Amino acid sequence: MDNDIKINIKDLNLFIGNKHILKNINISIPNKKLTVILGPSGCGKTTLLKTLNRLTDLYPEVKVKGNIFIDNEDILHTNKNITEIRKNMGLLSQQPYPLPMNIFRNVTYGLRISGRRNRKILKNRVEHYLKQVNLWDEVKDRLKDSASQLSIGQQQRLCLARGLAVDPEIILADEPTSALDPISSQTIENEFLTFNGNYTIIVVTHSLRQAKRIADYVIFMYLGEVIEQNSADEFFNNPKEEKTKEYLKGIFN
Amino acid sequence: MKITLISRNSKDKFHFTWMTICLIIILFLPLLLGIGLYLKSKLLLDSTSVFDILFSKEWSPIEGKFGMLPFINSSLWVTIIAILIAGPICLFSAIHLTQYAKKSFLNFMHPIIDILSGIPSVVYGVWGILIIVPLVSKYIGPFFGKETTGYSILSGSIVLAVMITPFILNILIDIFQTIPKELQEASLSLGATKWQTIKKVILKKALPGIISAITLGISRAFGETMAVMMVVGNVTKLKYGVFQPGYPLPALIANNYGEMMSIPMYDSALMFAAFILFAIVLLFNFASRLLIIKYEREIK
């Protein structure tokens, strides 16, 4: 069983100033499965996600206590280079943030900063990953155009391709479809379902329906605490906690 | 019902009209300023060719010689050196304050920067005479093997650099703060180090803003009169060099205007000096606008 756990979080507490944002988080995230972190807005989902690749380091006022084991390595107390840890996780944010450069350079950014500059390999990679996110046909003739000229849906897929291009094992997605139109949302969801099995995917969402459509495993959070975690089947059909039942019924949102 | 609608519409129109008038005044102000200066300097321009005035070194009002090259030169040098000193300092401080420092530290720095920019320029001038001029004559000059009184282009530049620093810094901080944190997160999550992120993403995104901040700094430095005048020497020598005294355009105007009203040609020459000042600042701003537009078209 333990081999199937990719991320193991133990007694994680997070403070911003005096505010206690994440309270005693203990969760296990299965390997190469799609895990959904579900919960109403402001419950700490996004913060938890950012703690996973230590983007919380950016904010000096944030204090993190506890352990996060990824492949048995505690990333909160490690000698390993943080950039290596982050590279292992692709990040998709609520709104697409293409880097201020052209489409080609957006996809190859991660490769180029780690020193790979062979033109031919880069070209290959760009085609490979843009095809993987179903964007290649739409942009193959304008790879030199600024990424900001793409539609929001296209930008989000570009950001996904950019994240995949550094060859991560984990994909972190923070409400990746909340800013998108229905068709683009569906495309992103379908891509997640296609990738499922190859990557450990963690999707933060407040949409119950989305969670039902894509989740293998669900973690339900409320006010900074994990209320319940279970396989999607169990979670939706046989919830154990009172809060979960209420949320599933839509009593609070 | 109908009556109230009409009166509301006419109210709307009324407000629109006065706002438009205010806007037109603002638009016409620089134009009127330019025309006024041009008309006043026409007397000189009619007697001497523009080329002769701009590129002649001879300044001798009594002989009717009004070569402005030494003044233009001094102005350019003082400004360029000031920007070369202040530009990098402001840029790196702004990066530190917005990307590395705690938010509370930035909040602490904001009023300090505002106080610095509010100090009257004559105070900076006195500080220049007391500190910078001796520093240049006793240490910096000898260090480079130059003999100098300290009243020099370099002293002017240093005082000027200190004066425009809070001004440029404030703009740069605002610019860096508007860059979304998520962009930085995206770059970091792709395995970039913090410095790579700053170099390849943040600076790139901020470049148009940095250009306009520097240009505003240049415009301000170019016109700064009092503090520079107090430390720059105000001598029209033909020898050039940063340790030599200079005589920038604003100092020329401030020192002489009003005294020489009896010589109409002198009066006109000073007006032309003002016109040059005006034109160069305008040119700087246009050039930076063009640069920004070109850059934004290339990469957003």
Side-chain angles (χ1 to χ4, degrees), chain A residues 16-17 46 49-50 52-62 81-102 105-115 144-150 155 158-159 162-168 170-172 174, chain B residues 91 93-110 172-173 175-213 291-300:
Chain A
I16 300 179
T46 301
L49 201 71
K50 283 184 180 170
L52 287 178
N53 67 352
R54 287 192 50 180
L55 281 177
T56 41
D57 291 9
L58 280 182
Y59 308 88
E61 58 274 17
V62 172
N81 207 333
I82 299 173
T83 56
E84 290 302 316
I85 295 167
R86 287 194 184 127
K87 236 167 79 177
N88 199 20
M89 295 176 237
L91 176 75
L92 211 54
S93 50
Q94 277 186 33
Q95 281 197 14
Y97 284 94
L99 301 170
M101 45 191 85
N102 64 36
R105 285 178 163 258
N106 255 282
V107 182
T108 57
Y109 181 79
L111 295 167
R112 282 183 292 117
I113 49 172
S114 52
K144 291 272 179 280
D145 282 5
S146 165
S148 57
Q149 288 169 3
L150 298 173
Q155 286 183 15
L158 178 72
C159 291
R162 176 179 77 183
L164 294 177
V166 293
D167 208 15
I170 302 167
I171 296 172
L172 307 174
D174 181 13
Chain B
L91 188 59
S93 311
I95 290 174
H96 185 283
L97 283 171
T98 55
Q99 310 299 318
Y100 290 94
K102 277 193 184 180
K103 230 194 174 105
S104 53
F105 185 64
L106 180 61
N107 290 341
F108 165 76
M109 281 300 286
H110 253 310
L172 286 179
I173 288 173
I175 287 161
F176 282 114
Q177 279 182 325
T178 58
I179 295 174
K181 205 96 179 174
E182 286 85 349
L183 201 61
Q184 197 179 342
E185 292 179 351
S187 166
L188 289 173
S189 72
L190 292 167
T193 61
K194 192 143 185 175
W195 178 240
Q196 279 173 323
T197 302
I198 289 169
K199 209 169 56 177
K200 297 192 181 220
V201 176
I202 295 180
L203 282 181
K204 216 166 170 184
K205 189 88 178 169
L207 192 63
I210 295 171
I211 294 172
S212 52
L291 213 65
I292 291 167
I293 290 168
K294 191 170 165 274
Y295 177 81
E296 278 182 341
R297 226 172 254 162
E298 247 172 55
I299 263 159
K300 240 181 185 167

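Since the structure is predicted, the reported quantities are computational estimates derived from the model, not experimental observations. Lettering of chains follows the sequences in order, A, B, ..., and the numbering in each one begins at 1.
For the atom pair CZ (A/Arg86) and CG (A/Asn81), the distance works out to 9.5 Å, reported to the nearest 0.5 Å. Between the OG atom in B/Ser189 and the CD1 atom in A/Ile85 there is a gap of 13.5 Å [rounded to 0.5 Å]. Between the CD1 atom in B/Ile210 and the CD1 atom in B/Ile202 there is a gap of 10.5 Å [rounded to 0.5 Å].
Each of A/Leu58, A/Asp145, A/Leu92 has some count of heavy-atom pairs under 4.5 Å with chain B, and the biggest count is that of A/Leu58. Each of A/Leu55, A/Val166, A/Asp57 has some count of heavy-atom pairs under 4.5 Å with chain B, and the biggest count is that of A/Leu55. In terms of non-hydrogen atom pairs under 4.5 Å with chain B, the most contact-rich of A/Arg54, A/Met89, A/Arg162 is A/Arg162.
Looking at A/Pro98, the atoms closer than 4.5 Å to chain B (heavy atoms on both sides) all sit in the backbone: N, CA, C or O. Of the atoms belonging to B/Lys194, it is side-chain heavy atoms, and not backbone ones, that fall under 4.5 Å from chain A. Looking at A/Leu91, the atoms closer than 4.5 Å to chain B (heavy atoms on both sides) sit in the backbone and in the side chain alike.
Both the sub-6.0 Å distance and the 45° axial angle are not jointly satisfied by A/Lys50 relative to the ring of A/Tyr59.
Screening B/Ile179, B/Leu188, B/Leu183 for a side-chain contact (heavy atoms from CB on, under 4.5 Å) with B/Val201, the sole residue that qualifies is B/Leu183.
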